Amino acid sequence: MSQLEWTSAAGGPLTGTILVPGDKSVSHRAIMLAALAEGVSRVDGFLEGEDTRATAAAFAGMGVHIETPSASRRIVHGVGLHGLRAPAAPIDCGNAGTGMRLLAGLLAGQRFESVLVGDASLSRRPMRRVIDPLALMGARIDAEPGGLPPLRIHGGRALRGMRHALPVASAQVKSALLLAGLYADGQTEVREVHPTRDYSERMLAAFGWPIAFGEGWARLSGGHRLRATDVRVPADFSSAAFFLVAASLMPGSDLVLSAVGLNPRRTGLLTALRLMGADIVERDRREQGGEPVADLHVRHAPLRGIDLPPDLVPDMIDEFPALFVAAAAARGITRISGAAELRVKESDRLAAMARGLEALGVAVTEHPDGADIEGGPIGAGRVDSRGDHRIAMSFAVAGLIAAGPVRIADCANVATSFPGFLELANGCGFALSAQAAAQR
Ligand code: S3P
């Protein structure tokens, strides 16, 4: 057995203009709502990642005809709210927590039974957070001990709308409940401890479903219809994040990232990097498919450590691996707290980043809900991405500015969110190579 290993070596300054792939969260939701809508929807800028393709395959397996006229495009022939057919086999969500959790809500409202499975990482991720509130609505979902996948969803149950107060800030849980709410009797309302990304709410409205929502809350009733609409997916801020950090750290860099989605619930890293001294300018702010986008112009600037305001955490929940690298190269100490959720992502990201940076000679003190990172020189070494796409890409950034090559184990899962990362990165100044390595 071999696995994919990367080597990231010192590169040139990052220059030019690049377009990163489409937003993962938006791509998942676009397929789901288009599948349940009446009529034909076009999705442009669809992320050709393994996660989002798994979601498209799930609906194809439930009788939805989805055409791929060209890369990053889908034409979805919606079957209506009650038009899905029972899948012939378990639905494989791959690596995608978003796919599994949103599907759990949506499938709870179907007349048929379904089973959701995932890869090794997804099979370790907590599902009680969706199972329990869905059960309160009348759903029956069986899981493995500890609330782990696979999930067996017993359809054919009448769902009741209700008011949920969510204990964790999670757009996935919120979205699962809203999707179940489409099938429920009466009103479903979700209240959040901290507002999270509102793509489900915005997209439900775009597909014609009556929904009221604001900062930290959303409310809808069952019994309406979704009408087909076209979706234009913005470039994924989370994919742009690696380049924002890399260009900030690499002397001489002057890079433009085109048409990046700037939903305010996603851009906490921009605020954090600016607090650290980064030089990132938004150009040509505009609206694309109902979402704010802008071109981001980033130039090298010396960064300094900060105490990360805990309020920013939910708005940058996927960007911590990149922030760890920025912190490692900044002057002084960066303190992160209130981020325990990072332990239940595709990997335990606090541990993965702490161990990886330590292997490169950086001093990190890990806490239950964060870490203190002491900026300083980054050395050569070998790190383990733990099969986590964002850990792998973050250490590719570390290699760019390290004293010697950084070897990164287990990088194949980068394809879940950012197919073509290596080529795009090398095209603007990285020196990344991939090789098959014997599995250890
Ligand atoms: C997502 C929500 C977040 C995020 C994930 C995508 C979404 O997860 O980390 O990458 O699309 O709703 P949580 O809801 O677990 O915070």
Side-chain angles (χ1 to χ4, degrees), residues 21-33 46-47 49-52 54-55 93-106 118 121-122 124-134 147 149 164 166-179 190 192-204 213 216 218 231 233-234 236-242 261 263-269 291 312-323 338-350 352 369 388-391 393-394 413-414 416-418:
D23 189 278
K24 184 148 72 87
S25 295
V26 176
S27 296
H28 279 298
R29 287 160 172 83
I31 293 295
M32 291 182 187
L33 295 191
F46 177 74
L47 170 63
E50 288 171 0
D51 278 10
T52 42
T55 289
C93 300
N95 190 244
T98 307
M100 184 171 284
R101 294 195 177 118
L102 270 59
L103 276 171
L106 191 158
S121 150
L122 184 52
R124 287 192 294 266
R125 298 184 65 187
M127 293 296 149
R128 280 261 159 261
R129 52 179 63 195
V130 285
I131 296 172
D132 290 347
L134 287 169
H164 299 274
L166 298 186
V168 272
S170 166
Q172 293 178 356
V173 177
K174 170 179 65 175
S175 301
L177 299 174
L178 292 175
L179 290 172
V190 184
E192 306 180 274
V193 276
H194 185 286
T196 61
R197 64 192 72 188
D198 56 1
Y199 298 121
S200 300
E201 295 92 309
R202 288 174 188 233
M203 210 182 283
L204 281 163
F213 61 98
V231 179
V233 183
D236 198 321
F237 183 86
S238 297
S239 296
F242 305 107
N263 181 302
R265 299 276 73 91
R266 295 289 300 283
T267 50
L269 180 75
E291 288 290 332
L312 278 183
V313 169
D315 294 347
M316 53 180 292
I317 195 66
D318 294 331
E319 278 59 79
F320 279 90
L323 178 77
E341 269 295 296
L342 296 178
R343 299 212 181 268
V344 289
K345 293 293 178 189
E346 286 84 326
S347 68
D348 175 344
R349 287 182 171 163
L350 290 175
D369 70 338
D388 183 328
H389 54 136
R390 300 202 197 283
I391 304 293
M393 290 184 276
S394 297
N413 275 342
V414 169
T416 62
S417 72
F418 202 153

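Order of appearance sets the numbers: ligands from 1, and atoms from 1 within every ligand. Keep in mind that this is a model prediction, so the values were computed, not measured.
- In this structure a side-chain-to-backbone donor-acceptor pair under 3.5 Å is present from Thr52 to Leu47.
- Using a distance-only test at 3.5 Å, with no hydrogens or angles considered, no donor-acceptor pair links the side chain of Lys174 to the main chain of Ala218.
- When every heavy atom of Asn95 is checked against every heavy atom of Asp51, the shortest pair comes out as CB-OD1, 3.5 Å.
- Using a heavy-atom distance under 4.0 Å as the criterion, the protein contacts of ligand 1 are Ser25, Arg29, Thr98, Arg101, Ala169, Ser170, Ala171, Gln172, Arg197, Ile317, Asp318, Lys345.
- Shown are Lys345, Arg266, Arg265; of these, the side-chain contact (heavy atoms from CB on, under 4.5 Å) with Ile317 is made only by Lys345.
- Qualifying side chain to side chain donor-acceptor pair (under 3.5 Å) partners for Thr267, counting only residues two or more places apart in sequence or in other chains: none.
- For the residue pair Asp198/Asn263, the side-chain donor-acceptor check at 3.5 Å is satisfied.
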